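The model shown is predicted, which means the values in this text are computed figures rather than measured ones. Residues: numbered from 1 along the sequence shown.
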Amino acid sequence: MKIAIGSDHGGFELKELVVKYLRENEHEVLDCGCDSLESVDYPDFAEKVCFEVRSGVCEAGILICGTGIGMSITANKVPGAYAALCADAYSTERSIKSNNANIMTLGEQVTGVELAKSLVTIWVKAVYESGGRSEPKIQRIYEYAKAHAK
Ligand code: RB5
């Protein structure tokens, strides 16, 4: 799976570790920055990652900031991006299986490195339960997205 990943300065150190972890586990990673601890605006990096996913260049995206909240809010403003803030194993798995999210957000100030690696592993392995109980709700989300796209 090819994964786009991005962070602001608040998520930079965790991003570097997650990039390394994903590559060690044979995933193709497109690192969209940032590239240092220098202060940057997280919306710029959320947009880059969401565009890579929306265009089909990458199948999924991971965004990391201090809390994961700014990245999540921004990503969900990009048409075609469906972002879920992941901080525990159960919600992380359900974000794919029930919600068909294509962007995972993490908070470096909230989630420790080892938990973050576990969450990433759960997330990349999970598969959307297409046609299941959540399907009508997911279709409603797509309809809303279409209706409000103008
Ligand atoms: C720093 O800009 C900090 O606000 C950011 O990393 C994030 O926590 C926002 O949600």
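Of all heavy-atom pairs spanning Ala75 and Ala83, the tightest one is CB-CB, 3.7 Å. Gly68 and Thr105 make their closest contact through O-OG1, 3.1 Å (heavy atoms, listed as atom of the first residue, atom of the second, distance). The two residues Ala87 and Leu115 have their closest heavy-atom pair at O-CD2, 3.8 Å.
Cluster partners of Ile103, using a side-chain heavy-atom cutoff of under 4.5 Å among ILVMFWY residues and allowing indirect links, are Val40, Tyr42, Phe45, Val49, Val53, Leu63, Met71. Hydrophobic cluster membership for Leu37: Phe12 (Ile, Leu, Val, Met, Phe, Trp, Tyr linked by side-chain heavy atoms under 4.5 Å, directly or transitively).
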* Asked: After noting the C-alpha distance and the side-chain angles of Lys20 and Glu24, does the key distance pass the salt bridge (Lys or Arg N to Asp or Glu O under 4.0 Å) rule?
  -> CA-CA 6 Å; Lys20 186 169 174 280; Glu24 282 168 2; 3.0 Å; yes
* Can Gln139 and Glu135 be said to form a side chain to side chain donor-acceptor pair (under 3.5 Å), step by step? -> CA-CA 6 Å; Gln139 290 307 323; Glu135 186 68 35; 2.6 Å; yes
* **Full working for side-chain contact (heavy atoms from CB on, under 4.5 Å) between Glu59 and Ile3** => CA-CA 6 Å; Glu59 292 162 73; Ile3 300 168; over 6 Å; no
* Between Arg54 and Val78, is a side-chain contact (heavy atoms from CB on, under 4.5 Å) present by the stated rule, with each step listed? -> CA-CA 9 Å; Arg54 182 169 86 166; Val78 179; 4.3 Å; yes
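Distance check: Glu143 CD to Ile138 CD1 gives 11.5 Å after rounding to the nearest 0.5 Å. If you take CD1 on Ile5 and NE2 on His27, they are separated by 11.5 Å, rounding to the nearest 0.5 Å. For the atom pair OG (Ser36) and NE2 (His9), the distance works out to 10.0 Å, reported to the nearest 0.5 Å. Here the straight-line distance linking atom NZ of Lys97 with atom OG1 of Thr92 works out to 12.0 Å at 0.5 Å rounding. We find the NZ-OG distance between Lys77 and Ser72 to be 10.5 Å, quoted to the nearest 0.5 Å. Here the CG-CD distance, from Asn99 to Glu129, works out to 10.5 Å after rounding to the nearest 0.5 Å.
Between the side chain of Ser118 and the main chain of Glu114, a donor-acceptor pair closer than 3.5 Å is present. In terms of modelled atom types and a separation under 3.5 Å, the side chain of Asn100 and the main chain of Ile96 share no donor-acceptor contact. Between the Glu108 side chain and the Cys65 main chain, no donor and acceptor come within less than 3.5 Å of each other. One N or O on the side chain of Asp8 and one on the backbone of Gly11 form a donor-acceptor pair closer than 3.5 Å. With hydrogens and angles ignored, the 3.5 Å screen pairs no side-chain donor or acceptor of Ser91 with any backbone N or O of Asp88.
Proximity of Gln109 to Thr67: side-chain heavy atoms (C-beta onward) are separated by under 4.5 Å at one or more points.
Listed by chain and number, the residues in a side chain to side chain contact (heavy atoms under 4.5 Å, CB included) with Ala101 are Ala84, Ser95 (sequence neighbours excluded). Here Arg140 pairs with Tyr144 under the side chain to side chain donor-acceptor pair (under 3.5 Å) rule; sequence neighbours left out.
Tracing side-chain contacts under 4.5 Å through hydrophobic residues (I, L, V, M, F, W, Y), one never reaches Met1 starting from Val57; they form parts of separate clusters. If you chain together hydrophobic residues whose side chains sit under 4.5 Å apart, Leu85 and Ile64 never meet in one group. Both Val120 and Val113 are members of a single hydrophobic cluster when ILVMFWY side chains are connected at heavy-atom separations under 4.5 Å.
Between Ser98 and Tyr128, the side chains place no donor N or O within less than 3.5 Å of an acceptor N or O (distance only, hydrogens not considered).
Crowding of Glu38 atom CD: a count of heavy atoms from other residues, nucleotides or ligands under 6.0 Å not exceeding 12.
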All N/O donor-acceptor pairs, side-chain side in residues 28-35, below 3.5 Å, sequence neighbours left out:
| unit_1 | atom_1 | unit_2 | atom_2 | d |
| --- | --- | --- | --- | --- |
| Asp31 | OD1 | Lys15 | NZ | 3.0 |
| Asp31 | OD1 | Gly33 | N | 2.9 |
| Asp31 | OD2 | Lys15 | NZ | 3.1 |

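Contacts classified as ring pair (Phe, Tyr, Trp, His ring centres under 6.0 Å) and involving residues 58-96 (residues at least two apart or in different chains) are given here: Tyr82-Tyr142.
For the side chain to side chain contact (heavy atoms under 4.5 Å, CB included) with Met104, the qualifying choice from Val124, Ile122, Ile62 is Ile62, the only one to do so.
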